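Beneath this line is the structure, given in structure tokens, with notes to follow.
Values in this document were obtained by computation on a predicted structure and should not be read as measured data. Throughout, residue positions are numbered sequentially from 1 according to the sequence presented.
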Amino acid sequence: MDEQALLGLNPNADSDFRQRALAYFEQLKISPDAWQVCAEALAQRTYSDDHIKFFCFQVLEHQVKYKYSELTTVQQQLIRETLISWLQAQMLNPQPEKTFIRNKAAQVFALLFVTEYLTRWPKFFFDILSVVDLNPRGVDLYLRILMAIDSELVDRDVVHTSEEARRNTLIKDTMREQCIPNLVESWYQILQNYQYTNSEVTCQCLEVVGAYVSWIDLSLIANDRFINMLLGHMSIEVLREEACDCLFEIVNKGMDPVDKMKLVESLCQVLQSAGFFSIDQEEDVDFLARFSKLVNGMGQSLIVSWTKLIKNGDIKNAQEALQAIETKVALMLQLLIHEDDDISSNIIGFCYDYLHILKQLPVLSDQQKANVEAIMLAVMKKLTYDEEYNFENEGEDEAMFVEYRKQLKLLLDRLAQVSPELLLASVRRVFSSTLQNWQTTRFMEVEVAIRLLYMLAEALPVSHGAHFSGDVSKASALQDMMRTLVTSGVSSYQHTSVTLEFFETVVRYEKFFTVEPQHIPCVLMAFLDHRGLRHSSAKVRSRTAYLFSRFVKSLNKQMNPFIEDILNRIQDLLELSPPENGYQSLLSSDDQLFIYETAGVLIVNSEYPAERKQALMRNLLTPLMEKFKILLEKLMLAQDEERQASLADCLNHAVGFASRTSKAFSNKQTVKQCGCSEVYLDCLQTFLPALSCPLQKDILRSGVRTFLHRMIICLEEEVLPFIPSASEHMLKDCEAKDLQEFIPLINQITAKFKIQVSPFLQQMFMPLLHAIFEVLLRPAEENDQSAALEKQMLRRSYFAFLQTVTGSGMSEVIANQGAENVERVLVTIIQGAVEYPDPIAQKTCFIILSKLVELWGGKDGPVGFADFVYKHIVPACFLAPLKQTFDLADAQTVLALSECAVTLKTIHLKRGPECVQYLQQEYLPSLQVAPEIIQEFCQALQQPDAKVFKNYLKVLY
């Protein structure tokens with residue numbers, strides 16, 4: 001072995017050595033006999049360095065996994081012997097190997113097992129057991145090998161081919177027949193031997209039992225001797241968690257519903273009599289979390305049994321199952337309400353399924369009603385934040401609580417399905433009593449009271465948020481709570497969680513304000529002052545900016561009396577904060593987008609006449625335009641790159657803000673009707689010079705391009721005079737990405753204005769194509785993935801452009817480019833259809849070809865096009881699907897084939913019998929296609945139903 005290269009295996013080695021070690025590993029993997037050196041090193045314990053041992057196992061693993069079939073019988077025998085002699089050596093080692101080496105060894109054993117067990121090594125387990133006996137080191141390795149085998153055979157996270165899945169099933173069947181009883185016996189012996197002396201081995205063994213129980217005969221484990229031993233382990237502190245998990249796996253095993261019920265009930269009786277159900281005496285929360293999972297498994301198993309028995313019409317046993325479930329509810333509630341969220345979270349599944357049963361029962365008993373109420377109170381209590389929750393710096397614990405709250409929300413929704421009246425009454429009771437004394441109540445209780453009102457909106461679903469009409473008692477209860485919320489003054493509570501919950505709830509129930517509009521002014525003030533957009537917490541300000549825009553949008557009809565006042569109050573929040581003044585604005589630029597949108601919505605949806613709307617919109621946008629001009633001048637003079645970048649950012653924000661205000665317009669309220677065209681045209685004239693700025697091109701072009709997209713929608717043809725010069729600037733010094741983003745703009749203009757932009761398109765068609773071809777032809781590194789991907793995306797954009805031009809009835813734009821250019825374009829379409837293994841582009845190319853054949857393929861088409869059809873388009877329809885890379889298992893490729901069929905059908909439609917004659921007598925014979933297939937193909941092509949031909953092609957290829 002290359003000792004120098006092996007030095008690089010040490011994690012502290014420098015990068016050169018590590019590179020050398022990696023290269024050496026690759027070399028050994030390829031070498032036909034290097035594995036033998038590694039096998040020898042392991043068998044003879046040549047190396048003491050752990051990393052080298054691990055490395056040797058890795059080489060062996062690669063050999064067994066990928067090259068085993070290439071070995072001779074003698075070589076395969078050598079690998080088996082190496083592993084067994086390594087195992088024997090472990091019995092005598094003064095120190096056990098490191099865990100990572102033992103795990104890797106177990107993986108290699110497992111790989112060899114799945115390869116050899118059915119053929120050459122049926123005595124695999126007997127050989128291993130005869131070596132390890134009850135030696136603790138040997139037992140440790142034996143158990144690790146069993147876990148590795150289980151993950152090879154059963155692990156659902158590992159993707160197996162159908163061949164491997166079949167092999168795995170056969171291995172499991174053979175093991176059940178030949179060795180499982182012996183393995184189970186060995187586990188029993190290990191547990192009995194080591195339960196008091198070696199907790200690590202015992203826990204490993206319990207894990208093995210839990211893993212295998214899912215696919216072996218349960219009676220081998222679910223019997224008195226095993227269960228009694230497991231119950232004994234439940235009382236031993238170091239074993240109890242693993243024993244709990246093992247019992248969970250036993251309970252989870254799929255089986256006959258009546259048998260399952262008996263198993264669970266007998267287990268419960270033993271656990272209860274052993275005192276495990278008295279959980280208030282238990283202080284070990286880690287154990288209780290596992291125990292909660294076990295109770296959850298037992299409860300859910302009984303529910304599955306009940307469901308099956310009901311389905312089978314076995315009412316007597318179903319009654320018994322329901323009885324068994326009911327007797328677990330008290331324990332379930334104790335676990336649900338436990339102060340530790342992990343313990344509570346583990347029982348939620350049982351709770352949820354129990355409520356699902358109650359929902360199906362025709363009538364609930366008093367006890368069941370009491371259970372529903374108890375679950376409801378538990379959920380309300382558990383939704384509450386604890387003192388430790390860090391709102392300003394949320395970490396992992398906080399994220400886990402947020403997830404836990406989502407689980408509780410599902411329970412609340414399910415409670416609403418069982419008893420909506422009870423839920424509404426309970427929430428109302430908690431809400432009213434809390435808000436009566438909110439000034440003296442702790443923040444978490446106030447937050448949860450408002451949160452419950454918020455959650456009712458989804459728990460008691462209605463269409464389009466109509467919570468305040470329909471069912472009178474529900475509507476009046478919600479109305480009362482909303483009235484209390486907005487008049488109680490709780491929006492002034494000094495805690496961010498309460499403030500945010502207040503605004504979230506106000507927006508969730510915005511329909512309340514159409515019923516009682518008198519409350520709008522006080523809520524608007526809350527949004528606009530120190531409680532909302534001017535709050536001391538950036539998090540609250542940011543969320544409020546979004547919620548405020550939603551509130552105003554949804555109530556725009558009620559906003560008219562307040563418009564000017566709101567616009568005045570938000571004036572300072574609209575300021576574009578340039579980088580140099582060091583002034584930290586209250587809102588981030590993302591938050592300001594919402595404020596600009598809100599301002600736009602207020603102006604556009606107001607009842608003012610057009611002149612007033614125009615004046616207000618001008619007031620809103622003029623400061624942006626003025627700032628933009630100043631900043632652009634500064635950018636042109638800026639020397640420092642960092643300063644250039646921050647100025648460009650600021651310019652981009654200005655364009656983005658103006659863009660965002662235009663989202664307020666609609667078909668009912670167009671820019672023209674609101675008298676705002678002139679303001680936006682001024683914006684265009686202000687922003688377009690940024691396109692010729694040589695600095696920070698990417699960011700400036702991107703912003704202006706987005707603005708142009710918006711203006712094409714809002715200003716319609718008034719935008720057209722600006723397009724030629726904008727396009728000219730955007731085509732200068734282009735990269736693939738620039739073109740890729742510019743082409744959708746041209747597509748939008750082409751599709752929208754069609755014939756109106758024909759002169760412009762004719763003029764810029766070849767310059768655009770030259771820019772595209774120039775980028776596509778640039779040489780790139782062979783293995784530069786990102787450059788290859790950029791070119792692929794640009795190619796797609798180019799074909800999408802041609803598709804838009806031909807699809808918008810503008811084929812003359814191509815036809816008028818001169819014969820040489822037309823031919824060049826047509827050749828690129830043929831290349832796209834055939835040569836590049838990109839089904840998305842291929843599909844587009846066939847769509848373009850179909851369109852061109854439809855437009856030009858008749859008798860009066862352009863000179864020479866009919867020749868082009870037969871020389872190039874027809875062959876493309878055959879060459880593309882015949883390519884190795886044309887994979888019909890891929891959905892996009894199937895679509896490409898479908899468009900290819902449409903192209904052939906269109907050629908047949910335009911050229912008639914001449915096309916069939918060409919295929920029959922010239923083209924298909926030249927491909928050596930059998931005469932009967934030619935006949936079949938031409939018949940399918942001539943079928944009037946296009947589907948017939950599409951299906952025929954799928955079968956053909």
Side-chain angles (χ1 to χ4, degrees), residues 641 644-645 648 690-706 708 723-750 760-806 813-814 817-846 848-849 872 876 879-880 883-885 892 896:
E641 198 168 326
Q644 288 173 9
L691 291 174
S692 52
C693 175
L695 306 168
Q696 301 290 319
K697 279 198 319 254
D698 283 2
I699 189 167
L700 293 179
R701 284 182 181 182
S702 160
V704 175
R705 199 167 38 234
T706 307
L708 272 168
I723 297 296
S725 74
S727 301
E728 194 181 320
H729 286 303
M730 283 193 261
L731 280 177
K732 273 192 188 129
D733 313 323
C734 269
E735 296 301 323
K737 192 165 168 289
D738 300 318
L739 284 166
Q740 220 174 294
E741 288 168 0
F742 171 65
I743 290 170
L745 186 71
I746 298 299
N747 290 351
Q748 187 187 8
I749 295 163
T750 307
F760 157 69
L761 268 183
Q762 298 209 28
Q763 193 181 342
M764 61 87 56
F765 187 82
M766 282 321 289
L768 172 60
L769 264 60
H770 285 313
I772 293 170
F773 295 157
E774 194 268 317
V775 171
L776 287 176
L777 292 169
R778 276 182 206 162
E781 294 286 322
E782 200 175 317
N783 51 2
D784 186 345
Q785 290 291 308
S786 69
L789 184 64
E790 276 198 340
K791 285 188 177 183
Q792 182 187 49
M793 299 314 280
L794 177 57
R795 217 176 271 116
R796 281 183 193 175
S797 299
Y798 162 61
F799 294 130
F801 166 61
L802 294 181
Q803 186 190 344
T804 307
V805 172
T806 52
V813 167
I814 302 176
Q817 299 301 323
E820 201 176 312
N821 285 333
V822 173
E823 189 175 348
R824 187 172 178 194
V825 171
L826 291 174
V827 167
T828 62
I829 303 168
I830 296 292
Q831 283 174 333
V834 179
E835 284 175 28
Y836 304 110
D838 176 7
I840 294 175
Q842 288 177 294
K843 178 184 76 174
T844 310
C845 290
F846 280 119
I848 301 166
L849 291 171
H872 297 284
L879 295 175
K883 284 262 179 183
Q884 286 275 243
T885 49
Q892 287 294 341

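For I699 against A648, the heavy-atom pair with the smallest separation is CG2-CB, 3.5 Å. E641 and Q696 get closest at one heavy-atom pair: O-NE2, 4.2 Å. Looking at every heavy atom in both residues, E790 comes nearest to K737 through OE2-CB, 4.1 Å. Taking both residues in full, the closest heavy atoms of P839 and A896 are given as O-CB, 3.8 Å, listed atom of the first, atom of the second, then distance.
Put simply, OG1 on T804 and CG on L761 are 10.0 Å apart, with the number rounded to the nearest 0.5 Å. Taking OG1 of T844 as the reference point, atom CG of L849 lies at 11.0 Å (rounded to 0.5 Å). Rounding to the nearest 0.5 Å places CG of N747 at 9.0 Å from CD of Q803. Rounding to the nearest 0.5 Å gives a distance of 8.0 Å between CE of M730 and CZ of R701. The CG atom of D733 sits 9.0 Å away from the CG atom of D738 when rounded to the nearest 0.5 Å.
You'll find the side chain of I723 reaches within 4.5 Å of the side chain of L708, heavy atoms only. Looking only at side-chain heavy atoms (C-beta outward), L700 and L695 stay at 4.5 Å or farther from each other. S797 places none of its side-chain heavy atoms less than 4.5 Å from the side chain of F742.
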| message | Run the side-chain contact (heavy atoms from CB on, under 4.5 Å) test on V805 and I848 for me, step by step, so that the C-alpha distance in whole Å, both residues' side-chain angles and the decisive distance to 0.1 Å come before the verdict. | response | CA-CA 9 Å; V805 172; I848 301 166; over 6 Å; no

| query | Going through the checks in order, is the side-chain contact (heavy atoms from CB on, under 4.5 Å) test met by L731 and L739? | reply | CA-CA 7 Å; L731 280 177; L739 284 166; 3.7 Å; yes

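The stretch residues 827-842 participates, sequence neighbours left out, in these side-chain hydrogen bond (donor to acceptor under 3.5 Å, both in side chains) pairs: R796-D838, Y798-T828. Listed by first and then second residue, the salt bridge (Lys or Arg N to Asp or Glu O under 4.0 Å) pairs that reach into residues 820-830 come to none, sequence neighbours excluded.
With respect to Q748, the side chain to side chain contact (heavy atoms under 4.5 Å, CB included) criterion is satisfied by exactly one of T750, L745, I746: L745.
Considering only residues two or more places apart in sequence or on other chains, H729 meets the ring pair (Phe, Tyr, Trp, His ring centres under 6.0 Å) condition with none of them. Residues satisfying the side chain to side chain contact (heavy atoms under 4.5 Å, CB included) test with E781, not counting sequence neighbours, are N783, D784. Every residue was checked against the salt bridge (Lys or Arg N to Asp or Glu O under 4.0 Å) condition with K883, not counting sequence neighbours, and none meets it.
In this structure, F799 has its ring center at least 6.0 angstrom away from the ring center of F846.
A donor-acceptor contact shorter than 3.5 Å is absent between the side chain of S702 and the backbone of D698.
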Under 3.5 Å, which donor-acceptor pairs link side chains of residues 766-780 to any protein atom two or more places apart or in another chain?
residue, atom, partner, partner atom, Å
E774, OE1, R778, NH2, 2.9
E774, OE2, R778, NE, 3.2
R778, NH1, E735, OE1, 3.2
R778, NH2, C734, O, 3.2

